[in-house]
Amino acid sequence: MPANQELSTATLAGGCFWGIEHFFRKEFGAKLINLKVGYIGGDVDDPTYLQVKKGQTGHVEAVQFRFDPKQVSYHELIHYFFRIHDPTTEDRQLNDVGTQYRSAIFYHSEDQKLVAQQVIKQVQPKIHGPIITQLVPISRFFCAEEYHQDYLTINPQGECNHWLRW
């Protein structure tokens with residue numbers, strides 16, 4: 001990719017980061033650059049998985065990646081995000097329960113916030129209840145430990161609470 005090409009960043013949380021990462025990697029592949037799982041939205045610097053998992057930090061499990069808007073739009077990414085998790089349950093995805101599993105979009109610009117709001121209106125009729133996904137300004141993202149990166153590819157029998165819903 002040419003160095004002068006402008007990239008955007010997306011940061012999304014929708015339950016366990018393993019499933020979100022896995023589905024985004026499967027759907028968009030090489031269109032996503034530096035796809036990482038990690039933690040965001042809390043009040044502890046450099047949190048560990050054990051701290052986040054126990055709900056001790058205020059962080060949520062999330063994915064973050066860069067993308068070329070000429071190859072894939074932010075609208076397309078957000079639309080897909082709503083297809084692979086349940087945005088109607090507060091602090092929960094199936095058996096993963098706690099604020100660390102909440103549904104949130106961490107927007108990097110006012111344009112991203114507006115796109116997310118538009119997508120929510122568009123997909124709401126397809127969802128079985130009110131969408132309660134949080135729209136939050138971006139804050140510091142902390143990469144998760146290396147063994148969490150690309151986890152479901154390395155461990156295909158690992159737990160996944162995500163699927164293509166519609």
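Please read all numbers here as calculations on a predicted model, not as lab measurements.
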[X] versus [Y]: any side-chain heavy-atom pair under 4.5 Å?
{"X": "Tyr101", "Y": "Lys53", "result": "yes"}
{"X": "Arg140", "Y": "Phe142", "result": "yes"}
{"X": "Arg83", "Y": "Arg165", "result": "no"}
{"X": "Val123", "Y": "Trp166", "result": "yes"}
{"X": "Ser103", "Y": "His85", "result": "yes"}
{"X": "Tyr107", "Y": "Ile138", "result": "no"}
{"X": "Val63", "Y": "Thr11", "result": "no"}
{"X": "Val37", "Y": "Gln149", "result": "yes"}

Between the side chains of Gln64 and Asn34, is a donor N or O closer than 3.5 angstrom to an acceptor N or O?
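Looking only at side-chain atoms, Asn34 and Gln64 do not form any donor-acceptor pair under 3.5 Å.
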
So, His108 versus Ser8: side-chain donor-acceptor pair below 3.5 Å or not?
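No, no side-chain donor-acceptor pair sits under 3.5 Å.
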
Going hydrophobic residue to hydrophobic residue with side-chain gaps under 4.5 angstrom, can you get from [X] over to [Y]?
{"X": "Phe141", "Y": "Val52", "answer": "no"}
{"X": "Leu164", "Y": "Val72", "answer": "yes"}
{"X": "Tyr151", "Y": "Leu32", "answer": "yes"}
{"X": "Phe67", "Y": "Leu12", "answer": "yes"}
{"X": "Leu135", "Y": "Val115", "answer": "yes"}

Rounded to the nearest 0.5 Å, what's the gap from CD1 on Ile40 to OG on Ser139? Could you check?
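Here the rounded value is 4.0 Å.
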
What is the distance from atom NZ of Lys26 to atom CD1 of Ile84, rounded to the nearest 0.5 Å?
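Nearest 0.5 Å value for the NZ-CD1 distance: 10.0 Å.
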
Which pairs pass salt bridge (Lys or Arg N to Asp or Glu O under 4.0 Å) with one or both residues in residues 102-131, sequence neighbours excluded?
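Every candidate salt bridge (Lys or Arg N to Asp or Glu O under 4.0 Å) pair involving residues 102-131 fails, so no pair, neighbours aside, qualifies.
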
Side-chain donor/acceptor pairs under 3.5 Å, residues 14-22, sequence neighbours excluded:
residue, atom, partner, partner atom, Å
Trp18, NE1, His148, ND1, 3.0
Glu21, OE1, Asp150, N, 3.0
Glu21, OE2, Arg25, NH2, 2.9
Glu21, OE2, Asp150, N, 2.8

From CA spacing to verdict: side-chain contact (heavy atoms from CB on, under 4.5 Å), Ile105, Gln134:
CA-CA 6 Å; Ile105 297 170; Gln134 298 173 347; over 6 Å; no

Run Thr133 and Phe82 through side-chain contact (heavy atoms from CB on, under 4.5 Å) and show every step you take.
CA-CA 9 Å; Thr133 300; Phe82 283 111; 3.3 Å; yes

[X] and [Y]: which non-hydrogen atoms are nearest, and at how many Å?
{"X": "Phe106", "Y": "Ala13", "answer": "CE1-CB, 4.3 Å"}
{"X": "Ala10", "Y": "Tyr74", "answer": "CB-CE1, 3.9 Å"}
{"X": "Ala116", "Y": "Ile78", "answer": "CA-CG2, 4.3 Å"}
{"X": "Thr88", "Y": "Gly129", "answer": "CG2-O, 3.4 Å"}
{"X": "Pro47", "Y": "Gln51", "answer": "CA-OE1, 3.3 Å"}

Gln117: which residues meet the side chain to side chain donor-acceptor pair (under 3.5 Å) condition with it, sequence neighbours left out?
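Result, side chain to side chain donor-acceptor pair (under 3.5 Å) vs Gln117: none returned.
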
Working note: Asp91 + Gln100, criterion side chain to side chain donor-acceptor pair (under 3.5 Å); need CA distance, chi angles, decisive distance, verdict.
CA-CA 7 Å; Asp91 301 336; Gln100 66 273 33; over 6 Å; no

Do side-chain atoms of [X] reach the backbone of [Y] as a donor and acceptor pair under 3.5 angstrom?
{"X": "His59", "Y": "Val44", "result": "yes"}
{"X": "Asn155", "Y": "Gln157", "result": "no"}
{"X": "Gln112", "Y": "Thr9", "result": "yes"}
{"X": "Asn161", "Y": "Leu94", "result": "no"}
{"X": "Gln124", "Y": "Ile131", "result": "yes"}
{"X": "Asp96", "Y": "Arg92", "result": "no"}
{"X": "Glu61", "Y": "Tyr39", "result": "no"}

Please walk me through it: do Phe28 and Leu77 pass side-chain contact (heavy atoms from CB on, under 4.5 Å)?
CA-CA 9 Å; Phe28 298 104; Leu77 295 166; 3.8 Å; yes

Flag the pair Phe65 / Phe24 as yes when their ring centroid distance falls below 6.0 Å, and as no otherwise.
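That pair passes the under 6.0 Å test.
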
Centroid separation under 6.0 Å, is that true for the rings of Tyr80 and Phe23?
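Distance test on ring centres: not under 6.0 Å, no.
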
